[in-house]
Amino acid sequence: MTKQQHTLSILVENEFGVLARVAGLFSGRGFNIESLCVAANPLDPTMSRITLVTTGDDLALEQITKQLNKVVHVVQVTDFQELATIDRELALIKVTADERSRAEVMNVVDIFRAKIVDVGSKSYIIEVTGNEEKLEAMIDLFRPIGILEVARTGRVTVARGNQRAARGGRSPKEKVA
């Protein structure tokens with residue numbers, strides 16, 4: 001079987017140690033987590049959403065999904081493999097910006113619709129949002145200029161249009177009034 005990249009959305013109860021248990025399932029089965037993004041759900045602060053990117057064959061990912069659904073605090077697991085999605089990532093890139101390179105840096109920022117969020121005497125910090133390919137392309141253009149530091153958030157994903165992520169696992173707990 002061929003290995004493919006999978007983006008999983010894992011809705012979990014916002015409890016101590018849940019992230020460690022989820023990550024442990026992947027490492028225990030020899031899967032690398034390529035990207036991991038976690039945040040509390042603003043619509044329900046008792047829940048958090050983990051967006052996780054990994055690579056593996058479909059059968060192995062199916063087994064991991066079944067194991068995830070057995071974790072007590074996991075409410076829903078969605079593999080976005082078969083859905084049309086919007087993926088985004090945020091990067092902060094600190095680049096050399098001396099008198100010779102400032103114009104070139106500003107041109108790249110304009111082309112990629114990024115923002116300069118900090119100006120130093122010898123550096124700029126650029127904020128860029130987009131898919132992985134966009135971020136990689138921008139980073140590649142900044143390499144010859146001089147990259148001082150890069151921080152990336154990891155991928156977040158939502159199904160396009162009226163598509164609904166397939167439900168797996170249990171229903172979220174009913175709130176008691």
Side-chain angles (χ1 to χ4, degrees), residues 1-93 112 114 127-140 142-143 147 149-176:
M1 288 194 144
T2 61
K3 291 187 174 192
Q4 295 181 350
Q5 193 173 72
H6 291 260
T7 302
L8 301 178
S9 173
I10 307 163
L11 184 65
V12 298
E13 293 173 5
N14 200 356
E15 298 286 336
F16 175 80
V18 175
L19 177 59
R21 283 191 289 276
V22 168
L25 272 172
F26 284 82
S27 64
R29 282 154 186 78
F31 278 83
N32 186 42
I33 296 174
E34 297 169 19
S35 172
L36 180 68
C37 199
V38 184
N41 182 342
L43 302 176
D44 182 356
T46 66
M47 298 287 172
S48 288
R49 179 175 176 173
I50 300 170
T51 304
L52 186 143
V53 179
T54 191
T55 300
D57 63 64
D58 292 338
L59 183 61
L61 258 294
E62 183 180 329
Q63 291 302 311
I64 283 183
T65 299
K66 287 178 182 177
Q67 292 296 315
L68 283 169
N69 281 316
K70 291 179 183 178
V71 174
V72 173
H73 298 290
V74 171
V75 175
Q76 175 185 340
V77 179
T78 302
D79 185 347
F80 286 108
Q81 187 69 20
E82 301 298 321
L83 297 174
T85 61
I86 299 290
D87 301 323
R88 291 293 183 265
E89 186 175 340
L90 170 89
L92 295 174
I93 308 165
F112 283 88
E127 175 186 310
V128 61
T129 304
N131 62 26
E132 187 176 355
E133 293 80 20
K134 177 181 178 178
L135 272 59
E136 291 295 333
M138 189 173 194
I139 288 168
D140 286 344
F142 281 138
R143 283 186 206 285
I147 296 175
E149 189 175 350
V150 178
R152 293 172 71 164
T153 59
R155 183 183 305 169
V156 291
T157 303
V158 173
R160 281 186 172 270
N162 293 330
Q163 295 181 102
R164 299 279 308 183
R167 289 219 173 252
R170 301 178 303 282
S171 298
K173 290 180 182 176
E174 294 290 326
K175 287 194 172 189
V176 179

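All values below were derived from every heavy atom in this structure, side-chain atoms included, with hydrogens, water molecules and symmetry-related copies excluded.
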* To do: Please assess Q4 against D58 for the test side-chain contact (heavy atoms from CB on, under 4.5 Å), listing each intermediate value before the final yes or no.
  => CA-CA 8 Å; Q4 295 181 350; D58 292 338; 3.8 Å; yes
* **Intermediate values then yes/no, side-chain contact (heavy atoms from CB on, under 4.5 Å), V71 and L25** => CA-CA 10 Å; V71 174; L25 272 172; 3.7 Å; yes
* With T129 via side-chain hydrogen bond (donor to acceptor under 3.5 Å, both in side chains) - residues at least two apart -> none
* Under the side-chain hydrogen bond (donor to acceptor under 3.5 Å, both in side chains) test, which residues partner N32, sequence neighbours left out? -> none
* Taking all non-hydrogen atoms of both residues, which atom of V156 and which atom of C37 are closest, and how far apart? -> CG1-SG, 3.6 Å
* Of the non-hydrogen atoms in V150 and I139, which two are nearest, and what is the gap between them? -> CG1-CD1, 4.2 Å
* To do: Establish, from distance only, whether the side-chain atoms of T46 and N14 form a donor-acceptor pair under 3.5 Å.
  => no
* Asked: Do Q63 and T65 pass the side-chain hydrogen bond (donor to acceptor under 3.5 Å, both in side chains) test, and can you show the C-alpha distance, the side-chain angles, and the key distance before you say yes or no?
  -> CA-CA 5 Å; Q63 291 302 311; T65 299; over 6 Å; no
* Carefully, step by step, assess R49 and S9 under the rule side-chain hydrogen bond (donor to acceptor under 3.5 Å, both in side chains). => CA-CA 7 Å; R49 179 175 176 173; S9 173; 2.9 Å; yes
* **Residue pairs fulfilling salt bridge (charged side-chain N to carboxylate O under 4.0 Å, His left out) with at least one residue in residues 127-139, sequence neighbours excluded** => K115-E127, E132-R155, E136-R152
* Structure fact -> Of L36, L52, V12, the one forming a side chain to side chain contact (heavy atoms under 4.5 Å, CB included) with L19 is L36
* side chain to side chain donor-acceptor pair (under 3.5 Å) partner of T55, chosen from E34, H6, K3 -> E34
* To do: Report yes if the side chains of V74 and V22 come closer than 4.5 Å at any heavy-atom pair, otherwise no.
  => yes
* Just do the side-chain contact (heavy atoms from CB on, under 4.5 Å) check on I33 and V53 with the steps written out, would you? => CA-CA 6 Å; I33 296 174; V53 179; over 6 Å; no
